[in-house]
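Single-structure report; data block below.
As the structure lists them, so they are numbered: ligands from 1, and atoms in each ligand from 1. Given the structure is predicted, the values throughout are model-derived calculations rather than measurements.
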Amino acid sequence: MGDCLFCKIARKEIPATIVHEDAHCLAFADINPQAPTHVLIIPRQHLADQRALADAPAELMGHLYAAANRVAAAKGLQSFRTVVNTGAGAGQSVFHLHLHLLGGRPMHWPPG
Ligand code: AMP
Ligand code: ZN
């Protein structure tokens with residue numbers, strides 16, 4: 001989508017610290033990290049949120065998780081958390097589907 005921030009990052013119109021990319025996804029450092037490692041994994045296809053996966057190939061989310069695993073391994077993370085916020089009430093602020101990968105510090109439960 002033309003005016004979507006993460007589509008612009010995927011098109012390299014806005015700079016980001018990219019740590020992985022392939023035909024279907026891109027992973028880059030979160031600009032406001034909440035942990036020593038905080039990487040966002042996005043599909044190249046614009047999907048507003050998790051619910052829009054209904055319009056995507058069934059294997060897409062598995063591909064995003066596989067990319068998260070690759071980044072976690074490359075960062076040497078022994079444990080990590082993956083999060084998808086769906087809707088403003090859940091904390092979603094960018095409406096292009098993304099998986100947060102957080103690691104490098106102790107994680108607490110339940111999340112806030
Ligand atoms: P969410 O609140 O789940 O929609 O997550 C959006 C994330 O995008 C937040 O953690 C922001 O810090 C991050 N973010 C916003 N703008 C940028 C940007 N230009 N580059 C990297 N991360 C960004
Ligand atoms: Zn987009």
Check your understanding: Do V94 and I14 sit in the same hydrophobic cluster, where Ile, Leu, Val, Met, Phe, Trp and Tyr count as joined when their side-chain heavy atoms come under 4.5 Å apart?
Key ->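 Result: yes, single cluster for both.
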Review point. Among the clusters formed by ILVMFWY side chains lying less than 4.5 Å apart, do L60 and L101 turn up in the same one?
Key: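 Same cluster: L60 reaches L101 through Ile, Leu, Val, Met, Phe, Trp or Tyr contacts under 4.5 Å.
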**Study point:** E13 atom CD, over 12 foreign heavy atoms within 6.0 Å
**Key:**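 Atom CD in E13 is packed in, count exceeds 12.
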Practice item. Verify the neighbour count for atom CZ of R70: are there more than 12 heavy atoms of other residues, nucleotides or ligands below 6.0 Å? Key: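 No, because the 6.0 Å sphere around CZ of R70 holds 12 heavy atoms or fewer from other groups.
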**Study point:** Any donor-acceptor N or O pair under 3.5 Å, side chains H63, D22
**Key:**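 H63 vs D22: donor-acceptor pair found between side chains.
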**Study point:** At the Zn ion (ligand 2): angle between H46 atom ND1 and H96 atom ND1, to 10 degrees
**Key:**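 Roughly 110°, rounded to 10°.
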Check your understanding: Do H100 and H98 pass the ring-ring contact (aromatic ring centres under 6.0 Å, His included) test, and can you show the C-alpha distance, the side-chain angles, and the key distance before you say yes or no?
Key -> CA-CA 6 Å; H100 293 258; H98 50 282; 5.0 Å; yes
Check your understanding: Tell me, which residues have any heavy atom less than 4.0 Å from some atom of ligand 1?
Key ->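 Residue list for ligand 1: L5, F6, I9, F28, A29, D30, I31, N32, L40, N85, G91, Q92, S93, V94, H98, H100.
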